[in-house]
Amino acid sequence: MEHPENDAQYIGLTVNGGVAQPPVVNPYMQRRRRKPLPSVSELVEGILKGDVTILSRAVTLVESLAPDHYALAQEVIEKCLPYSGKSRRIGITGVPGAGKSTSIDVFGLHVLRDGGKLAVLAIDPSSERTKGSILGDKTRMEKLSQHPSAFIRPSPSAGSLGGVARKTRETIVLCEAAGYNNIFVETVGVGQSETAVHSMVDFFLLIQIAGAGDELQGIKRGIMEMADGIVINKADGDNVGPATLAQAQYRSALHLFPPTASGWRPEVLTYSGYYELGIPEVWDMIDRYFAFVKENGYFEAKRQQQARWWMYETIDEQLRKNFYDNPDIQAMLTDCEADVLANRRSSFAAAAQVLDKYFKMKNL
Ligand code: GDP
């Protein structure tokens, strides 16, 4: 192609033609063949043996959107279910910067001191944007990521919060079957994801820092009400005073809340993840919680309640998906929306018409 610089207007400037370029793709490179999918029994056996590679593959299947992967994953989960449930599931939340990764690193090592295994999972519905980087960056949990008994998995990316959370819920089953007796589920404490995490853990830990505005920390009543423990991080150096003050404020705020369903009184502690101060105290609280709810039967009752919640949640999700993914419904919704916006039809009449069409389509 002629260079524009060779135009007559640029006197004295000539650009030589370049050499022919080789093809971009190496012609000798073979197409990579996709690894065949392992069978259900290969996956289940591998998981039960605690084979991390197989576990990772199974989790990838759980996260996959391909229908054949979905069916395979469901079968694996069903087979793993009898071996699951024997773990402590702990949800950890806090706004970005509260020190979740620093804390999980030290909490994790503390838990693993007594042996056993730890899986760290995450729910970050925004990970579509950040490409699952919430835990993708290994440097975030430097020590833990090198520990042979720790399995760290970033948030499933893409999809609705419900979908992302369901995949994490299913991953818990696989991890437990693989012998992980401690499960941490991390979430960014800024919104809806707390409810989803709360619905899959036994203990919900809220990490706060002193001095940040309440709105900033997502201290909506709801999140605080869900917490079984509130821990104020960064209680080190000059920050010990403000952290202790925040502790007193949270304690008095908790007094205004109604008693919890478990009968447990949520505690407020201070600690420093970075300087590793107060870590045993935090875990002592968590140990006492487990002893308390196992004793009074709440532990089992909550797990049953969660299992029921997930059944309905999955039904809701699948119904919604089936409805909104339907191309005819999508077309009709576009028209109806225009009518509703232009006041030609009421919202209710439009909704009724679309639903009617859907039910007829499904022979309902
Ligand atoms: P995350 O976004 O909640 O995962 O927070 P990080 O663990 O990435 O921590 C955010 C920042 O706070 C980092 O610069 C940490 O070094 C710092 N940090 C975390 N824990 C502590 C702590 O206990 N004390 C102090 N002084 N800084 C901390």
Side-chain angles (χ1 to χ4, degrees), residues 34 36-44 47 57-82 84-85 123-128 155-174 177 191-200 301-364:
R34 279 178 66 187
L37 282 178
S39 69
V40 172
S41 56
E42 276 168 341
L43 286 166
V44 174
I47 290 170
R57 278 201 89 178
V59 174
T60 306
L61 285 178
V62 163
E63 291 173 356
S64 166
L65 297 173
D68 53 337
H69 291 177
Y70 179 80
L72 187 61
Q74 290 307 315
E75 239 184 286
V76 174
I77 293 165
E78 282 294 317
K79 295 240 158 67
C80 285
L81 210 54
S84 72
I123 294 184
D124 179 10
S126 66
S127 61
E128 194 166 10
S155 172
S157 58
S160 63
L161 168 62
V164 170
R166 179 179 51 74
K167 290 171 191 173
T168 304
R169 175 74 184 79
E170 292 174 343
T171 301
I172 291 180
V173 172
L174 302 184
Q192 287 288 305
S193 41
E194 282 67 36
T195 321
V197 177
H198 190 244
S199 64
M200 62 177 85
K302 185 173 179 186
R303 284 211 169 172
Q304 282 182 348
Q305 203 183 320
Q306 289 173 334
R308 189 184 329 118
W309 191 88
W310 277 101
M311 184 180 91
Y312 286 109
E313 188 64 15
T314 309
I315 292 174
D316 283 357
E317 186 201 333
Q318 299 289 327
L319 281 177
R320 222 175 293 133
K321 186 168 155 40
N322 189 281
F323 178 80
Y324 285 109
D325 285 357
N326 187 298
D328 292 341
I329 294 293
Q330 282 169 356
M332 206 172 163
L333 279 174
T334 314
D335 293 344
C336 286
E337 205 182 293
D339 282 353
V340 169
L341 291 181
N343 248 337
R344 282 191 291 270
R345 241 185 313 172
S346 81
S347 316
F348 311 104
Q353 196 196 344
V354 185
L355 285 172
D356 225 38
K357 164 131 180 164
Y358 180 74
F359 292 145
K360 282 212 183 91
M361 245 193 280
K362 298 277 157 193
N363 286 327
L364 295 173

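No hydrogens, no waters, no symmetry mates; every other heavy atom, side chains included, goes into these values.
- Rounding to the nearest 0.5 Å gives a distance of 10.0 Å between CD of E75 and CG of L43.
- Under a 3.5 Å cut-off, the side chain of T314 and the backbone N or O of W310 do form a donor-acceptor pair.
- Between atom CG of residue L174 and atom CZ of residue R169 there is a gap of 10.5 Å, rounded to the nearest 0.5 Å.
- Every pair passing side-chain hydrogen bond (donor to acceptor under 3.5 Å, both in side chains) that includes a residue from residues 324-333 is listed here, sequence neighbours excluded: K321-D325.
- Of all heavy-atom pairs between S64 and H69, the closest is OG-ND1, 2.6 Å.
- The list of ring pair (Phe, Tyr, Trp, His ring centres under 6.0 Å) pairs with a residue in residues 344-364, not counting sequence neighbours, reads F323-Y358.
- Rounding to the nearest 0.5 Å gives a distance of 7.5 Å between OG1 of T171 and CD1 of I77.
- Taken to the nearest 0.5 Å, the CD1 atom of I123 stands 4.0 Å off from the OG1 atom of T168.
- Shortest non-hydrogen contact noted between V173 and S84 is O-CB, 3.8 Å.
- For W309 (side chain) and M200 (main-chain N/O), no donor-acceptor pair under 3.5 Å exists by modelled atom type.
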Passes side-chain contact (heavy atoms from CB on, under 4.5 Å), K357 versus M361? Steps please.
-> CA-CA 6 Å; K357 164 131 180 164; M361 245 193 280; 4.0 Å; yes
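- In this structure, K167 and E63 approach most closely via the heavy-atom pair NZ-O, 3.4 Å.
- Checking side-chain atoms of R303 against main-chain N and O of G85 turns up a donor-acceptor pair under 3.5 Å.
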Step by step, would you call K79 with I47 a side-chain contact (heavy atoms from CB on, under 4.5 Å)?
-> CA-CA 10 Å; K79 295 240 158 67; I47 290 170; over 6 Å; no
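- Taking both residues in full, the closest heavy atoms of V340 and S346 are given as CG2-O, 4.0 Å, listed atom of the first, atom of the second, then distance.
- The distance from the CG atom of L341 to the OG atom of S347 is 9.0 Å, given to the nearest 0.5 Å.
- For the atom pair L355 CG and I329 CD1, the distance stands at 8.0 Å (nearest 0.5 Å).
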side-chain contact (heavy atoms from CB on, under 4.5 Å) evaluation trace for E170 with Q74 = CA-CA 9 Å; E170 292 174 343; Q74 290 307 315; 3.2 Å; yes
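- At least one donor-acceptor pair under 3.5 Å links the side chain of Q306 to the backbone N or O of H198.
- In this view, R57 satisfies the side-chain hydrogen bond (donor to acceptor under 3.5 Å, both in side chains) rule with no residue, not counting sequence neighbours.
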